[in-house]
Amino acid sequence: MAVFSDFQNASFLFAVALLTFLLLRILYRLILHPLAKYPGPFLSRVSSISIPLQAASGDRHLRQLQEHCKYGPIVRIGPNALSFSSPAALRTIYQSSRLQNQLRKSDYYKTIDAPAGAYSTHSEISRRKHAFRRRVLDQAFSEASMRSAEEFVINNVDTLCDVLSGGSSWSEPRKMDDYATYFAYDVMGDLVFGKPFNCMISAENRYVPKLITASSEFLYTTAHLPLQNIVRPMICCKPLMDWLGGQAAQDEFHFVAHAAACMKERIAKEEEKEVRMDMMHYILNAKDPVTSRPFTQLELEAEASLLIAAGADTTSSSLAAAFFYLTLPSSEPILQYLQQQLRKDFAEVSSITWSATKNHTYFRAVVEEILRFSPAVPSELPRTIIEKPGIVIAGEFIPAGTTVGCSAYVLHHDEAAYPEPFAFKPERWIPQDVETHLAEPSPLQDAEQIAKAREAFCAFSLGSRGCVGKQLAYMELSLALARVLWTFDVRRAAEQVTARTKDQAELKGLPWHEEEYQVKDVFLTVRDGPLVEFRRHQR
Ligand code: HEM
């Protein structure tokens, strides 16, 4: 009896001590913490659970914008984390070479590749090791490599046109999130593994995009959980994850194994007589100009998985968004004008090349506006301040140990840089002195407004950790979009599907914008639709 009572007393004392500790911790975070002066939602200021909760909901980008509208340009999104929404902060955090030793990618990145057993260029947080990766990987995005890549991209665009076509009459509604995904994965398979996945023409490999989305969803939340030193080893343990992590965790392991097998096949092909001049050829033959070291087998496998995930999902998200914005009823004059221009400027579809689209002012403005409105990596990219005492961001001294970041979605919907941010307006990228001939022209921009728009644009992030595949992404998007729009009349189907309905948004207290392409933010995006019909254009 006495033992039981001692146990009860000890439990009671333990509970009181724990509650007191938690209460004091909350008070400290609210009042005495160095970030206490920054506003933010209560839960975010006192606990680290807010970010994983938002990540799990798929609404994080929308919440972040909502929070910036409510609290201003600096929001405390976790006890030790701040989100910034100004172009000045964007440049300091991601681009300042002076601060490169003081900031590094946050521990979040250590977790996202943990199941693969090796960091990729994207997840490597050590500045020195990353610099090596980039010196080698950059060679796969050289001008020569991009020139060879164009042919592979065009072959896949031809297939896309074949599968979209309904002949001379209107096609069935095509679900463009799927077609864009199949196209982008086929391109990346072609460039990285030496063979397209053939997703556009066969269902056999369509599980690959699903794997990547599922693993991105799983890791986006998991990597933001508190106590990463415990979480990380757990998600590397396959038997435990098979049991705990369900289908999503199994998908992640499946994809890693799949990528490794494809890489082995591709490496064997490099020994063949006829060299395939795809991106992997350039990677396999690249050596670090500083150390003369090529990638090891493990590094190659990590890069291959990264290139497929980072290259395919982002591009497909943007391509699907393109069809959404261009088929909005309010975009009718934009679409009409764009198609007229493309058909006037290019006599044959084959004359639509990457370099020709680069110089097409109106087309480029359309692409830029798509990337602005719906950035494919919408939420903030976390960086940690590692050197004491700290650094100055946007005029504020921020102490070491703080995780800081900017969200492309938030910056891209800032009224100051983009008046009417929820309207699709390619004209905002075109200087006043360029004639567009739009039926109902909106005012074109003066140089100052365009400079503001450019300053806030960060779809590909900036600096040494910015997107290595930016040029390839523009090439794929431009060739696919321009050639499809040249070849077909396009129109929105009567029925539509969406990743988020107005009712769902309102139920969660999220803002609703009728003309926005809805995505779920899983670091990459999950999307649904639009449904679009195609008819071969009669010239
Ligand atoms: C519309 C298309 C694309 C968008 C919007 C995009 C966006 C981004 C962003 C925002 C980052 C920074 C991520 C971070 O800091 O965590 C990034 C990094 C990266 N992207 Fe892209 N990307 C696109 C297409 C591509 C393509 C086509 C490839 C390659 C085939 C690619 C390869 C990479 C790689 C390897 C990194 C890591 C770079 C590093 O850390 O050094 N991306 N991308």
Side-chain angles (χ1 to χ4, degrees), residues 61 90 93-95 100 103-106 108-113 119-127 129-141 145-146 149 152-153 180 183-185 187-193 216 219-220 223 278-280 282-283 299 302-322 367-368 370-384 404-409 411-412 457-481 519 521 523-525:
H61 60 310
L90 177 74
I93 297 171
Y94 299 101
Q95 205 176 25
Q100 271 190 9
L103 279 161
R104 69 152 166 74
K105 280 194 164 179
S106 78
Y108 162 80
Y109 290 91
K110 280 196 197 168
T111 308
I112 56 173
D113 271 341
Y119 296 128
S120 68
T121 299
H122 180 233
S123 59
E124 179 58 72
I125 65 171
S126 145
R127 199 172 150 246
K129 291 182 186 165
H130 171 261
F132 159 74
R133 292 293 184 94
R134 267 306 273 260
R135 288 195 299 267
V136 180
L137 194 59
D138 277 347
Q139 295 171 52
F141 295 89
S145 172
M146 289 300 97
F152 293 100
V153 175
F183 163 75
Y185 275 82
V187 171
M188 287 321 297
D190 222 352
L191 293 175
V192 176
F193 292 147
S216 182
L219 289 167
Y220 191 41
D278 53 21
M279 248 167 62
M280 190 44 75
Y282 288 87
I283 298 181
E299 285 166 346
E303 294 309 324
S305 303
L306 165 67
L307 290 173
I308 300 289
D313 217 72
T314 45
T315 309
S316 53
S317 176
S318 307
L319 189 56
V367 172
E368 218 63 355
I370 292 157
L371 293 166
R372 176 202 70 84
F373 208 146
S374 292
V377 185
S379 273
E380 123 270 353
L381 309 168
R383 305 291 187 255
T384 302
V404 292
C406 295
S407 143
Y409 184 82
L411 275 151
H412 287 188
F457 184 78
C458 57
F460 296 94
S461 191
L462 310 167
S464 61
R465 306 300 309 240
C467 181
V468 69
K470 184 173 164 180
Q471 290 310 316
L472 178 63
Y474 273 114
M475 182 205 290
E476 283 182 61
L477 272 175
S478 303
L479 289 171
L481 194 58
V519 297
D521 169 15
F523 189 80
L524 302 169
T525 66

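The first residue of the sequence shown is numbered 1, and numbering continues consecutively from there. Remember, it's 1-based here, ligands and their atoms both numbered in the order they're listed. All values derive from a computational prediction rather than experimental measurement.
Less than 4.0 angstrom separates some heavy atom of L472 from each of these atoms of ligand 1: 30 (C). Numbered from 1 in the order shown, with element, the atoms of ligand 1 that lie under 4.0 Å from a heavy atom of A459 read 5 (C), 7 (C), 10 (C). Ligand-side atoms of ligand 1 in range of H122: 13 (C), 14 (C), 16 (O), 37 (C), 40 (O), range being under 4.0 angstrom from any heavy atom. Counting atoms of ligand 1 from 1 in the listed order, those under 4.0 Å from a heavy atom of S461 are 10 (C), 12 (C). Within ligand 1, counting atoms from 1 as listed, the ones closer than 4.0 Å to a heavy atom of G466 are 38 (C). Each of the atoms 24 (C), 25 (C), 32 (C), 33 (C), 42 (N) of ligand 1 lies under 4.0 Å from some heavy atom of A310. Interface atoms of ligand 1 facing F523, defined by a heavy-atom separation under 4.0 Å, are 16 (O). Within the listing of ligand 1, atoms 1 (C) sit less than 4.0 angstrom from a heavy atom of S318.
By the 4.0 Å heavy-atom criterion, Y94 is excluded from the residues contacting ligand 1.
Counting protein heavy atoms only, atom 23 (C) of ligand 1 is closest to T314 OG1, 3.2 Å. Nearest protein heavy-atom contact of atom 26 (C) of ligand 1 is G311 CA, 3.3 Å. Here the protein heavy atom with the shortest distance to atom 6 (C) of ligand 1 is F460 CD2, 3.7 Å.
The part of F141 lying near ligand 1 is the side chain, judged by heavy-atom distances below 4.0 Å. Heavy atoms of L191 found under 4.0 angstrom from ligand 1: none, in either backbone or side chain. Residue R383 touches ligand 1 through its side chain alone, judged by heavy-atom distances below 4.0 Å. Counting heavy atoms under 4.0 Å from ligand 1, residue L381 touches it through the side chain alone.
In this structure, the side chains of H412 and C458 come closer than 4.5 Å at one or more pairs of heavy atoms. Residues L477 and I370 are not in side-chain contact: their nearest non-hydrogen atoms beyond the backbone lie 4.5 Å or more apart. V136 is not listed as a side-chain neighbour of E299, based on a closest heavy-atom distance of 4.5 Å or more. Residues K105 and H122 are in side-chain contact: their nearest non-hydrogen atoms beyond the backbone lie under 4.5 Å apart. In this structure, the side chains of V187 and F152 stay at 4.5 Å or more apart for every pair of heavy atoms. Under the 4.5 Å side-chain criterion, counting only non-hydrogen atoms from C-beta, Y119 is not in contact with H130.
The side-chain contact (heavy atoms from CB on, under 4.5 Å) test with L307 is passed by exactly one of L472, V192, L191: V192.
Aromatic ring pairs are classed by plane angle as parallel below 30°, tilted from 30° to 60° and perpendicular above 60°; the pair Y108 and Y220 is perpendicular.
Taking each of E303, M188, H130, K105 in turn, the one with a heavy atom nearest to atom 30 (C) of ligand 1 proves to be M188. Nearest to atom 38 (C) of ligand 1 by heavy atom, out of M475, M279, R134, Q471, is R134. When the heavy atoms of A149, C467, A131, A408 are ranked by distance to atom 17 (C) of ligand 1, first place goes to C467.
Any N or O atom pair closer than 3.5 Å counts here, and T315 shares no such pair with ligand 1. Geometrically, ligand 1 and Y109 share a nitrogen or oxygen pair separated by less than 3.5 Å.
For the residue pair Q139 / S145, no side-chain donor-acceptor distance below 3.5 Å is found, with atom types taken as modelled.
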